[in-house]
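For reference, the structure is listed below as C-alpha cells.
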Amino acid sequence: CNTETQSQSENVVNRSLLALNDPSWEQYATRTGKGTELAALLESSPKTDDQYFRIFHECCDLGTFEIYPAAYAVFPHLEQLAAESTDAKDSQWPLSICAAICANFKTSHEKTDVPPELWDDFMAAVNRSAQTAATKIQEFPTDDPSFMKFMMIQPILQNIETKPMFGNPQ
C-alpha cells in the first residue's frame, strides 16, 4: 500500500488522527455497525486478540474484498499503535490489519471510497506503514513461531501501489 518510505533517521513522526471521542465516528460504517464501536475498541487498553479480531472483521470483508468506511479512520490508529509498541510482538495484530486493508485495496472495485475528510490522515499512515513494519520485523524474535507470518506483512505494505488505484477524492 506504501508509496514512499520514511527516513530511518527521523525520530519524530507527526501523526494526525481522528480523535477517538470525535462524534464523526458515528458516520463511518463498519461491516455490522458504526465506527463508534471501533473507536471504543481502540480506546480500551490493553488490547486483546478478540478486540483486534473484531476490529479486523469490522474493517474489511475478506469474502467480498469490501473495505468499510471506518477502516480509513482506523488505519492511522493501528499504524500508530504498531509504531509505538515497545514489544514487536504487540505490533503484529495492528500491522496485520493494515496489511489486510491494503491487500483488499488491490482487489477492490471502488478506489475512491475514502471519505475526503479522512484522505490525508489515511494516506500519511499508509506511507508510514511499511517503514513501521520493517522496523518491527528487525525487533521481532526470529525463534517465535509466528515470525514467518509477520515477515510477510512488510512486503504487502511496501509493494502495493496506491497511486494508480487511488485518486484524491476531493
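- Smallest separation of non-hydrogen atoms from Tyr28 and Glu117: OH-OE2, 2.6 Å.
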So Gln51 and Ser44, side chain to side chain donor-acceptor pair (under 3.5 Å) or not? Walk me through it. CA-CA 9 Å; Gln51 287 170 309; Ser44 66; 2.5 Å; yes
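- By the criterion of side-chain heavy atoms lying less than 4.5 angstrom apart, applied directly or through intervening Ile, Leu, Val, Met, Phe, Trp or Tyr residues, Phe56 is grouped together with Val74 in one hydrophobic cluster.
- For the pair Val126/Ile101, no side-chain contact is recorded, criterion being any heavy-atom separation below 4.5 Å from C-beta on.
- No side-chain donor-acceptor contact under 3.5 Å links Glu26 to the backbone of Pro23.
- Here the shortest heavy-atom pairing between Ala73 and Pro76 reads O-CD, 3.4 Å.
- Taking both residues in full, the closest heavy atoms of Leu78 and Cys98 are given as CB-SG, 3.8 Å, listed atom of the first, atom of the second, then distance.
- The nearest pair of heavy atoms linking Ile67 to Tyr72 is CG2-OH, 3.4 Å.
- Using a distance-only test at 3.5 Å, with no hydrogens or angles considered, a donor-acceptor pair links the side chain of Trp25 to the main chain of Ala19.
- Between the NZ atom in Lys136 and the CG atom in Asp87 there is a gap of 8.5 Å [rounded to 0.5 Å].
- Contact record, Ala125 with Glu79: O-CG, 3.8 Å, taken as the closest heavy-atom pair.
- Remark: Lys47 NZ is packed, more than 12 non-hydrogen atoms of other residues, nucleotides or ligands lying under 6.0 Å away.
- Heavy atoms only, all atoms of each residue included: Tyr52 and Ile97 are closest at O-CD1, 3.5 Å.
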